[in-house]
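Read the structure below first, then the notes.
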Amino acid sequence: MADADYAALEARVRELEDVREINEVFRKWHYACTGGFNGKQAGRMEALDVLTEDATIEVLGLHEPGKGPKGREQYTEYWDFYYGDAGPLPYVFQCSLDQGVTVTGDTAVQESVMMGIFQMRGGPARFSLSQRTNYYVRTPQGWKINKTTSQGGLGHTMGDLTGMLNALPEQESRTPWTYKEG
């Protein structure tokens, strides 16, 4: 095999491995977000392990562009509000569909459709589809999300959830993260 052919094949294999690792990172995110049944808590903190230290979370309808929680301290405070059975969002089941990844050196963009079933306390269960875009960087620990966005989508109110749902304790009094200038 000629050196040029070998280099092209090596680059192709690396891109395939990168795309696979990137998709696995987002699968881990969704898996850690999912819970509220069989004793598993929704919004577990290990979801944050897939983010860089300076990552940003932006959810359309919650955050104006550029004003979502940024950096480990802010996004952990944001996450603390939602976490677990005692929080306001105890039932979550989400996954990614239709993932497309474009790798450019040590950065990548992943576009997907997120499907989820969510139930806030005191509200009906909702089925939703939303568009997500994640921006990745290659780190010494592997690919990590530097910015994750949800651009909105469609939702539908559902009937009651059934299954091995966690019995909910009293809701804790929590203060949601809010954007502060500076």
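- Annotation for Ser128 and Phe118: closest pair OG-CE1, 3.3 Å, computed over non-hydrogen atoms.
- Under a cut-off of 6.0 angstrom, the local environment of CD in Glu24 is crowded, with over 12 non-hydrogen atoms contributed by other residues, nucleotides or ligands.
- For the side-chain hydrogen bond (donor to acceptor under 3.5 Å, both in side chains) condition, no pair includes a residue of residues 57-70, sequence neighbours left out.
- Not a single side chain to side chain donor-acceptor pair (under 3.5 Å) links Trp29 to another residue, sequence neighbours left out.
- Under the 3.5 Å distance criterion, with hydrogens and angles disregarded, a donor-acceptor pair is assigned to the side chains of Arg126 and Thr157.
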Practice item. Check the pair Gln151 / Thr133 against side-chain contact (heavy atoms from CB on, under 4.5 Å), numbers first and verdict last. Key: CA-CA 8 Å; Gln151 293 90 2; Thr133 303; 3.0 Å; yes
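- In the hydrophobic cluster analysis, where Ile, Leu, Val, Met, Phe, Trp and Tyr join through side-chain heavy atoms closer than 4.5 angstrom, Tyr31 is grouped apart from Trp79.
- Atom CD of Gln131 is surrounded by 12 or fewer heavy atoms from other residues, nucleotides or ligands within 6.0 Å.
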**Study point:** Verdict with reasoning, Arg138 to Asp18, per salt bridge (Lys or Arg N to Asp or Glu O under 4.0 Å)
**Key:** CA-CA 9 Å; Arg138 189 188 313 269; Asp18 287 343; 2.9 Å; yes
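- Pairs of residues two or more places apart, or lying in two chains, that qualify as side-chain hydrogen bond (donor to acceptor under 3.5 Å, both in side chains) and include a residue from residues 111-125 are Ser96-Ser112.
- At a threshold of 4.5 Å between non-hydrogen side-chain atoms, the residues Leu89 and Phe81 do not count as touching.
- Distance alone, capped at 3.5 Å, places no donor-acceptor pair between the Thr52 side chain and the Lys144 backbone.
- Cluster annotation: Ile117 and Leu129 are assigned to the same hydrophobic cluster (Ile/Leu/Val/Met/Phe/Trp/Tyr, side-chain heavy-atom contacts under 4.5 Å, transitive).
- Remark: Arg44 engages Glu46 in a salt bridge (charged side-chain N to carboxylate O under 4.0 Å, His left out) (not counting sequence neighbours).
- In this view, Arg20 satisfies the side chain to side chain donor-acceptor pair (under 3.5 Å) rule with no residue, not counting sequence neighbours.
- Pairs of residues two or more places apart, or lying in two chains, never qualify as side-chain hydrogen bond (donor to acceptor under 3.5 Å, both in side chains) while including a residue from residues 5-17.
- Clustering ILVMFWY residues whenever any of their side-chain heavy atoms sit less than 4.5 angstrom apart, transitively, puts Tyr83 in a cluster other than the one holding Phe37.
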